[in-house]
> 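For reference, the structure I am asking about is given below.
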Amino acid sequence: MQAAIRVQALAKRFGALRALDGVDLAVEQGEFFGLLGPNGAGKTTLISILAGLCRMDSGQAWIMGHDVRADYRRARQLLGVVPQELVFDPFFSVRETLRIQSGYFGLRNNGAWIDEILEHLGLASKANANMRSLSGGMKRRVLVAQALVHKPPVIILDEPTAGVDVELRRSLWTFIRRLNQDGHTIVLTTHYLEEAEALCGRIAMLQGGRVVALDTTANLVRSLHDRIHVRITLARGTWPAALVDRLSESDGLCHTVRLSDPGELEPLLAQIRSAGATIAEITIQQPDLEEVFVQTMRGSLTASIEI
Amino acid sequence: MGASISAGFRTLFAKELMRFWKVSFQTILAPMVTALLYLLVFAHVLADRVQVYDQVPYQTFLVPGLVMMAILQNAFANSSSSLIQSKMTGNIIFILLPPLSHIEMFLAYVLAAAVRGLVVGAGVLLVTLIFVPVPFAHPLWIAVFSLGGAAILGAMGLLAGIWADKVDQLAAFQNFVILPFTFLSGVFYSTHSLSPAWQSVSRANPFFYLIDGFRYGFFAVSDVNPWVSVAVLLVALAALAAITLAMLRSGYKLRN
């Protein structure tokens, strides 16, 4: 089966900045794929190249097997993009905006589908409102609707929930999940790692224009499962001298120890008690995607696991 | 695919028309009032002092120039302001994401700009006809030069809109290029009334040919042969179209 998105040795510079430095990636049809990375990692540049908003310096990119340069019409017809910026055309109403966007994609009589999208996104009551009069959340929904007018099989959402309230974020999640269940391939960039962990089946992490991690979300989190953080606060006594080298952090009262196995906890506590100290509080932190992300971005993942 | 090409173009063209139509008070009525004010002031002040062509009173001479000036300025304003606004607000993305070709984009912007120029020009002409009788010697020439002039300035507006990064740059283009070129092209006078040196300077101004040829359509009199003016018009249009299409095709300032 043709990959929904495939990029090969993609490179792009802006002056001295290497925005993309040889990216290889394939997103299969039907996937819910996450693209993570700090600001300036190259996520938006990658999306822009796929969408034809930006020219690549070298490399190749395909949407459903169609080259985004040589066969840009087909490639763009198969792709829906929700941009990061909250942009709108102040001259038009919501329905006019969607009709115009349909027309650009060659669809003249798209009323039934437009009504359906408006309904699903909770925009039906605002259909005839001017874009200017909408709240930020509503404008964001219209952007999602605009990306869907031509029923693209591949949908890219560039931080769709940035600056969006919790309720809208939840309803967008539900909506995007349903699109994915209906067979659309979804690529999501987000700053909320919780969001990526909840939604994405596979994740690529970008840093400095390179893919630094690429795996299923489950595997990425599992890779750190031997990294349990235990925070121990002492009510009385001091931290045993024999255990000082086990500390990863300490401020005198609160001590953090990293364990590779939950079984190590009991002997540790016994040692503390036998040294005459009393424990006031214990917090155990499981690793999550955020931890994976931070470690990956530090580029110290393998090194710290070896310790 | 053929159907979708024309549907994409038709939608962008219709959207560009709707854009100025929705604010027609500002885009159509206001420039008409400006042109009429020019007519009122210049005709009043100069009517008894200037005789440009034999048997053509100054008020009458002035009308085609003012109509052409309205066509040129409004065609330019339409495509340039649409582009710069879309770039500044970021909604240009809605045009860049769909499978519109550079030719479709070019035609849609330029034709919509031409329509606005022609609507304002026709409005100015109709209103001035109430006050000033104007002959229509060669309607075909009138049509050729009004269409050609509107298309040239529509393309120039598109080019300037793509090039400008800020509204001030566009305003500079408008104030330091478009305005002087139209004012010094013989809107208010015949270049025959100028000294030989200034006459040759005027001949280097492409806008002069648009207005002179247009005026020939009304009076059957012009400063230069209208066929020369048509040639200048066609060369200018072809050159501008080639440059603007190349810019759109390469994605210059739009897709980088």
Side-chain angles (χ1 to χ4, degrees), chain A residues 12-14 19 45 47-57 66 68-69 71-93 96-110 130-132 139 142-143 146-147 149-150 152 156 158, chain B residues 1-27 78 81-105 107-109 112 116 162 246-256:
Chain A
K12 173 76 182 174
R13 300 177 75 117
F14 293 107
T45 307
I47 292 172
S48 299
I49 288 175
L50 291 169
L53 298 172
C54 167
R55 307 276 193 216
M56 64 187 88
D57 293 340
H66 299 280
V68 300
R69 284 179 302 186
D71 196 4
Y72 72 93
R73 279 183 176 259
R74 286 282 178 76
R76 286 187 207 162
Q77 195 76 37
L78 297 167
L79 182 67
V81 176
V82 181
Q84 195 180 119
E85 302 281 328
L86 207 54
V87 290
F88 61 97
D89 195 328
F91 284 91
F92 303 109
S93 71
E96 282 170 336
T97 298
L98 297 179
R99 270 200 199 133
I100 290 170
Q101 204 63 22
S102 296
Y104 291 157
F105 283 92
L107 305 163
R108 302 282 286 179
N109 301 308
N110 205 18
N130 185 284
M131 287 301 300
R132 261 180 306 205
K139 286 190 183 111
V142 177
L143 281 178
Q146 277 179 274
V149 285
H150 57 296
I156 299 180
D158 196 0
Chain B
M1 206 67 196
S4 75
I5 289 173
S6 60
F9 156 74
R10 284 207 304 268
T11 306
L12 184 53
F13 176 58
K15 177 233 150 193
E16 282 298 294
L17 293 182
M18 276 198 279
R19 198 192 71 92
F20 78 75
W21 192 250
K22 286 199 174 205
V23 282
S24 52
F25 200 77
Q26 173 199 337
T27 54
N78 203 67
S81 66
S82 177
L83 246 287
I84 198 84
Q85 278 174 16
S86 292
K87 278 167 58 175
M88 299 315 290
T89 58
N91 66 40
I92 187 87
I93 193 172
F94 302 139
I95 291 153
L96 299 178
L97 286 173
L100 290 164
S101 72
H102 58 288
I103 298 171
E104 286 173 298
M105 284 174 71
L107 288 177
Y109 275 107
R116 156 125 169 243
I162 295 170
M247 284 164 90
L248 286 171
R249 194 189 179 123
S250 71
Y252 174 76
K253 292 215 177 182
L254 293 177
R255 297 184 194 272
N256 57 2

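We name chains A, B, ... by the order of the sequence lines, and we start the count at 1 in each one. The analysis underlying the following values was restricted to heavy atoms, covering all of them including side chains, and did not include hydrogens, waters or symmetry mates.
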> Please report the closest heavy-atom contact between B:Pro99 and A:Arg73, naming both atoms and the distance.
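Smallest heavy-atom distance, with atoms named: O-NH1, 3.2 Å.
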> Checking heavy atoms, do the side chain of B:Leu254, its backbone, both or neither come under 4.5 Å from chain A?
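When you check distances to chain A, only backbone atoms of B:Leu254 fall under 4.5 Å.
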> What pair of heavy atoms forms the shortest contact from B:Leu100 to A:Arg76, and how long is it?
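Shortest heavy-atom contact: O-NH1, 4.1 Å.
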> Identify which part of A:Arg108 has an atom lying under 4.5 Å from any heavy atom of chain B, answering side chain, backbone, both or neither.
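The side chain, not the backbone.
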> So what's closer than 4.5 Å to chain B heavy atoms on A:Ile49: side chain, backbone, both or neither?
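Neither part, no heavy atoms under 4.5 Å.
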> For A:Gly52, is there any backbone N or O sitting under 3.5 Å from a side-chain donor or acceptor partner on B:Arg255?
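Yes: the side chain of B:Arg255 pairs with the backbone of A:Gly52.
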> Below 4.5 Å, heavy atoms only, C-beta onward: do B:Val23 and A:Phe91 meet side chain to side chain?
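They are in contact (side-chain heavy atoms under 4.5 Å apart), so the answer is yes.
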> Identify which part of B:Ser86 has an atom lying under 4.5 Å from any heavy atom of chain A, answering side chain, backbone, both or neither.
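For B:Ser86, neither part sits under 4.5 Å from chain A.
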> Given that the side chain runs from C-beta out, which part of A:Glu85 has a heavy atom under 4.5 Å from chain B: side chain, backbone, both or neither?
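Looking at A:Glu85, nothing touches chain B.
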> Indicate yes or no for a side-chain donor-acceptor contact from A:Gln101 to the backbone of B:Phe94 under 3.5 Å, with no hydrogens or angles considered.
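Side chain of A:Gln101 to backbone of B:Phe94, a donor-acceptor pair under 3.5 Å: yes, one is there.
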> Look up atom OG1 in B:Thr89 and atom CG in A:Leu86, then write down how far apart they are to the nearest 0.5 Å.
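Result: 11.5 Å between the selected atoms.
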> May I have the step-by-step check of side-chain contact (heavy atoms from CB on, under 4.5 Å) for A:Gln146 and B:Leu97, ending in yes or no?
CA-CA 11 Å; A:Gln146 277 179 274; B:Leu97 286 173; over 6 Å; no
> In terms of heavy-atom proximity below 4.5 Å to chain A, should B:Lys15 be classed as side chain, backbone, both, or neither?
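Both parts, backbone and side chain.
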> If you measure from CG on A:Leu53 to CG on B:Leu96, what distance do you get to the nearest 0.5 Å?
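Result: 6.0 Å between the selected atoms.
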> Relative to chain B, which segment of A:Phe92 carries a heavy atom at a distance below 4.5 Å: side chain, backbone, both, or neither?
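Both parts, heavy atoms under 4.5 Å.
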> Search all heavy atoms of B:Ala7 against all heavy atoms of A:Gly106 and return the closest pair with its distance.
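The answer is CB-CA, 3.7 Å.
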> Grab the two heavy atoms, one from A:Pro90 and one from B:Asn91, that are nearest each other, plus how far apart they are.
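Looking at all heavy atoms of both residues, the shortest contact is CD-ND2, 4.0 Å.
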> Would you give the length of the straight line joining atom NZ of B:Lys22 to atom CG of A:Asn130, rounded to the nearest 0.5 angstrom?
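Here the rounded value is 7.0 Å.
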> Indicate the atoms forming the closest heavy-atom contact of A:Pro83 with B:Ile93, along with that distance.
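In this case the closest contact between A:Pro83 and B:Ile93 is CB-CD1, 3.5 Å.
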